[in-house]
Amino acid sequence: MSKGIKPLRRAVRLPVWGDLGIRLGLALLLIFTVVMIHWWDREGLVDNLDGEVSFLDVVYFTMISITTTGFGDIAPISDRARLVEAVIVTPVRFAVLFIFVGTAYNFLIKRTWEQWRMARIQEQLCDHIVVLGFGISGSEAVAELIERGTEPSRIVVIDPSEDRLSEAEALGCNVMAGDATRDETLKAVRIAEASNVLISAGRDDTTILITLTARALAPKVPISVVVRADDNESLARQAGASNVINPVRFTGLLLAGSAKGEHIAEYLADLASISGRVQLIERPVTAEECGKTLAGLQSGGRGLRVYRGGKALGFWEPECQTLQPGDVVVEIVPTANGETQGDGHDRDDRERS
């Protein structure tokens, strides 16, 4: 890995300082408990120096007992005091020892192990989703991916802002601080082995430059980019983007749709998100669906379009009456909040259509 590239990292369940505070608090609670027990049973102790056991002597005796120092100046003399030392203080002594050993493990061994583990994960990244830029669009995309069932551990976020990376890290994603326009940064996350690359750098010129870099390193990986100027859409495609999304244009479409009907914009937003009643998905046809019509999909969804040999076919076209191996279908399917067979229709109605 290049010397200037920061390593991949992932948030731990409990922050280091939080874990340290819990451990120290527990150790102090155990010590305080033993102090109180010794103070309650101080008549069973003898001070060989002055014969009187004060509260300070009890605290002193507790500390040397727990740390197994044992100078012999204060000692238990009654049977009850010896029983307390054997049954209560000895287990506490082991507990405090384990707490401090565990703390040392957490700060030294575990952190070293975590760094080594993340380095191994970074070296073996495969079939992951690389998100370049964690601004508004990037963060929304990651949240939607997780909502759709993608494991956060499969998502790698690269952004130069530590504040943004902290948000992605809190979601459970792998993050890296770096410049996505540099070859070394993208090579460090094995972009050529990724399943998808999502680019939203905030500026169209930066987005296009990142797209050029990513396409050169990952010639076969699908790349989706966000650009905001119409003139830059063709440039992004020339740079190697598989999909170009213009949020300004999409917002205009929603506004225009709302002028023609109050429910159109709501339905389009529903289709785009998994949190609504229905969603759009794209998938290859199954072997069982080959030979059937687009209206007879086994998923129970409504087929809208078929992609065959690079050509888009609408559901009304004759070619969609017979699905073929290798076809890719776009369909509307119900989400967990939707109806059984889709957007308010049942199987009998679908089969009669």
Side-chain angles (χ1 to χ4, degrees), residues 1-12 111-146 150-227 232-245:
M1 184 184 301
S2 175
K3 186 176 181 180
I5 301 298
K6 295 185 178 181
L8 198 68
R9 68 178 193 266
R10 185 188 302 167
V12 294
R111 292 182 68 180
T112 303
W113 164 259
E114 185 67 17
Q115 291 175 358
W116 180 84
R117 188 178 71 88
M118 290 306 299
R120 291 287 296 169
I121 290 175
Q122 186 170 343
E123 292 172 358
Q124 299 175 3
L125 283 172
C126 183
D127 198 34
H128 52 297
I129 299 174
V130 178
V131 179
L132 305 177
F134 200 72
I136 296 176
S137 298
S139 59
E140 288 290 335
V142 169
E144 184 67 21
L145 284 170
I146 295 174
T150 302
E151 288 292 331
S153 59
R154 286 191 56 229
I155 301 174
V156 177
V157 176
I158 298 179
D159 196 283
S161 171
E162 285 292 344
D163 292 337
R164 293 176 180 176
L165 290 181
S166 297
E167 297 176 11
E169 199 172 10
L171 295 175
C173 302
N174 306 296
V175 302
M176 176 184 290
D179 182 359
T181 63
R182 296 179 56 191
D183 289 5
E184 293 84 355
T185 304
L186 301 186
K187 288 179 181 178
V189 296
R190 293 172 59 85
I191 193 170
E193 307 299 327
S195 62
N196 291 93
V197 176
L198 311 181
I199 303 175
S200 177
R203 290 172 51 100
D204 286 0
D205 53 353
T206 306
T207 295
I208 292 172
L209 180 57
I210 294 174
T211 304
L212 283 167
T213 307
R215 179 53 73 203
L217 298 175
K220 297 181 180 180
V221 177
I223 299 177
S224 299
V225 305
V226 173
V227 295
N232 291 329
E233 291 186 31
S234 60
L235 292 176
R237 294 190 184 278
Q238 293 175 31
S242 309
N243 299 294
V244 178
I245 300 164

Exercise. Taking the side chain as C-beta and beyond, is there a heavy-atom pair between Leu198 and Leu145 under 4.5 Å?
Worked result: yes

Exercise. Do we see a donor-acceptor contact under 3.5 Å between the side chains of Asp179 and Thr181?
Worked result: yes

Exercise. Is the closest side-chain heavy-atom distance between Glu169 and Leu165 below 4.5 Å?
Worked result: no

Exercise. Can you name the closest pair of heavy atoms from Val142 and Cys173 and give their distance?
Worked result: CG1-SG, 3.7 Å

Problem set entry | Non-hydrogen atoms of Val244 and Ala236 that approach each other most closely | CG2-CB, 3.9 Å

Problem set entry | Partners meeting salt bridge (charged side-chain N to carboxylate O under 4.0 Å, His left out) with Glu144 (sequence neighbours left out) | Arg148

Problem set entry | Gap between atom CZ of Arg164 and atom CD1 of Ile136 - 0.5 Å precision | 8.5 Å

For this session: Could you pull out the closest heavy-atom pair between Ala241 and Val225, with the gap in Å?
Result: CB-CG2, 3.7 Å

Problem set entry | OG1 on Thr150 to CD1 on Ile155, rounded to 0.5 Å | 5.5 Å

For this session: Specify the closest pair of heavy atoms between Gly178 and Ile158, including all atoms of both residues, with the distance to one decimal.
Result: O-CG2, 3.8 Å

Exercise. What heavy-atom pair brings Gly135 and Asp159 nearest, and what distance separates the two atoms?
Worked result: N-OD2, 4.5 Å

Exercise. About how many Å separate OG of Ser195 and CG of Asp127, when rounded to the nearest 0.5 Å?
Worked result: 4.5 Å

Exercise. CD1/Ile208 to CD/Glu233 distance, rounded to the nearest 0.5 angstrom?
Worked result: 10.0 Å

Problem set entry | 4.5 Å side-chain heavy-atom contact, Val221 and Ile191 | no

Problem set entry | Closest contact, heavy atoms only, Ser242 versus Pro222 | OG-CA, 3.5 Å

For this session: Would you check if the side chain of Arg154 reaches a backbone N or O of Ile129 as a donor-acceptor pair within less than 3.5 Å?
Result: no

Exercise. Is the backbone of Ala201 close enough, under 3.5 Å, to the side chain of Thr207 for a donor and an acceptor to pair up by distance?
Worked result: yes

Seminar exercise, completed: One should read off an interatomic distance between Ile199 CD1 and Thr206 OG1, to the nearest 0.5 angstrom, of 11.0 Å

Exercise. With sequence neighbours left out, what residues match Glu167 under salt bridge (charged side-chain N to carboxylate O under 4.0 Å, His left out)?
Worked result: none

Exercise. Within a radius of less than 6.0 Å around CD of Glu140, do more than 12 heavy atoms belonging to other residues, nucleotides or ligands occur?
Worked result: no

For this session: Check Thr213, Val156, Ile210, Val157 against Leu132 for a side-chain contact (heavy atoms from CB on, under 4.5 Å) and give me the one that passes.
Result: Ile210

Problem set entry | Qualifying salt bridge (Lys or Arg N to Asp or Glu O under 4.0 Å) pairs, either residue in residues 205-226, two or more places apart | Arg203-Asp205

